[in-house]
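The structure presented is a predicted model; accordingly, all values stated were derived computationally and were not measured. Any value given below was found using the heavy atoms of this structure, including those in side chains, with hydrogens, waters and symmetry copies removed.
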Amino acid sequence: TSQLKAPEKSTVETLIGQINESSEIAPQITIDWPEVIIALQLELSTWQNIIHTPSQKHLIQKALQTTFNRSRRCAKKATQKTAESAQRHQWRKWVKYLYYQLKLLKQLGIKGDKGHKKNLKRLDHLGELLGQEHDFEILQIFLEQQLQTQPELQASLKKIIKVNRKRLQHLRRQVNQ
């Protein structure tokens, strides 16, 4: 909003208020934390037992390679000029799958290569950028819908849409690099 003038800022704030009002608040959920902790400790123990078996290590390595290959194929499709939002969102999901698999292996004490930590940071950053891009795409759709339903805000909305589109283009270039 820092790039917007007062009328546009006011419009954005009004739209944010409308979004917040229309979203339903989830009912209060009571969580039995001691039970959750026990379940997570059991899960960790199971994973640690699996990774110490040579045949299991091979299966984990093969599954990780499959995730990496799928992520790479999604990246090739998503970075083409004709790529659509759904393809880029699919890429983000596979980047996140790969990130969390590598992170889990690190937490289980499996030593990766020297670049493991750096690769985790890169994947996390890429996933975050793809997430921001997706958020700006959803915002773009919402703003265009508002343009149709709120003609009195048309001038401000057009300016906001233009700023959002520029930000989206910048994010796409950044992600593609």
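- No continuous path of hydrophobic side-chain contacts links I38 to W33 [ILVMFWY only; heavy atoms under 4.5 Å].
- Across all non-hydrogen atoms, the minimal contact from Y99 to D124 is CE1-CB, 3.5 Å.
- Proximity of Q145 to T149: side-chain heavy atoms (C-beta onward) are nowhere separated by under 4.5 Å.
- Seen from the ring of Y100, K103 does not count as a face-on cation partner, given the 6.0 Å and 45° thresholds.
- With hydrogens and angles left out, the side-chain atoms of Q61 and Q65 include no donor and acceptor closer than 3.5 Å.
- Residues passing the side chain to side chain contact (heavy atoms under 4.5 Å, CB included) test with I138 are H134, sequence neighbours excluded.
- Taken from CG in N119 to CG in L98, the straight-line distance is 9.0 Å, to the nearest 0.5 Å.
- Within the 3.5 Å criterion, the main-chain N or O of F136 finds a donor-acceptor partner in the side chain of N164.
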Practice item. Check the pair K96, E128 against salt bridge (Lys or Arg N to Asp or Glu O under 4.0 Å), reporting the backbone distance first and the verdict last. Key: CA-CA 9 Å; K96 286 294 190 179; E128 289 299 317; 3.5 Å; yes

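- More than 12 heavy atoms of other residues, nucleotides or ligands shown are found within 6.0 angstrom of CD on E152.
- I161 approaches Q140 most closely through the heavy-atom pair CG2-NE2, 3.0 Å.
- With a 4.5 Å cut-off on side-chain heavy atoms, Q174 and L171 count as touching.
- Using a 4.5 Å cut-off on side-chain heavy atoms (C-beta onward), H116 and L120 make contact.
- Distance CZ/R165 to CG/L139: 11.5 Å, rounded to 0.5 Å.
- Annotation: the span from N176 atom CG to L129 atom CG amounts to 10.5 Å, rounded to 0.5 Å.
- Using a 4.5 Å heavy-atom cutoff, the side chains of K162 and K158 are not in contact.
- When the options R92, R88, R172 are evaluated for a salt bridge (Lys or Arg N to Asp or Glu O under 4.0 Å) with E137, the one that passes is R172.
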Exercise for review: Begin with the C-alpha distance, continue with both residues' side-chain angles, and end with the deciding distance and a verdict on side-chain hydrogen bond (donor to acceptor under 3.5 Å, both in side chains) for Q148 and E144.
Suggested key: CA-CA 7 Å; Q148 301 300 317; E144 288 170 0; over 6 Å; no

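- Inter-residue side-chain proximity for Y97 and S71 is flagged as unmet; no heavy-atom pair is nearer than 4.5 Å.
- Between the NZ atom of K159 and the CG atom of L153 there is a distance of 12.5 Å, given to the nearest 0.5 Å.
- Contact record, W94 with C74: CD1-SG, 3.7 Å, taken as the closest heavy-atom pair.
- In terms of heavy-atom proximity, L123 sits nearest to V95 at O-CG1, 3.5 Å.
- Atom CG in L168 sits 10.0 Å away from atom CZ in R173 (nearest 0.5 Å).
- Taking the side chain as every heavy atom from C-beta outward, H89 and E133 never approach each other to under 4.5 Å.
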Check your understanding: Can you list the steps and then say if N69 with R73 is a side chain to side chain contact (heavy atoms under 4.5 Å, CB included)?
Key -> CA-CA 6 Å; N69 290 341; R73 282 193 305 271; 3.9 Å; yes

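- Rounding to the nearest 0.5 Å places NZ of K106 at 12.0 Å from CG of L104.
- Contacts of Q87 classified as side chain to side chain contact (heavy atoms under 4.5 Å, CB included), with partners at least two apart in sequence or in another chain: K77, A83, E84.
- Proximity of F142 to L147: side-chain heavy atoms (C-beta onward) are nowhere separated by under 4.5 Å.
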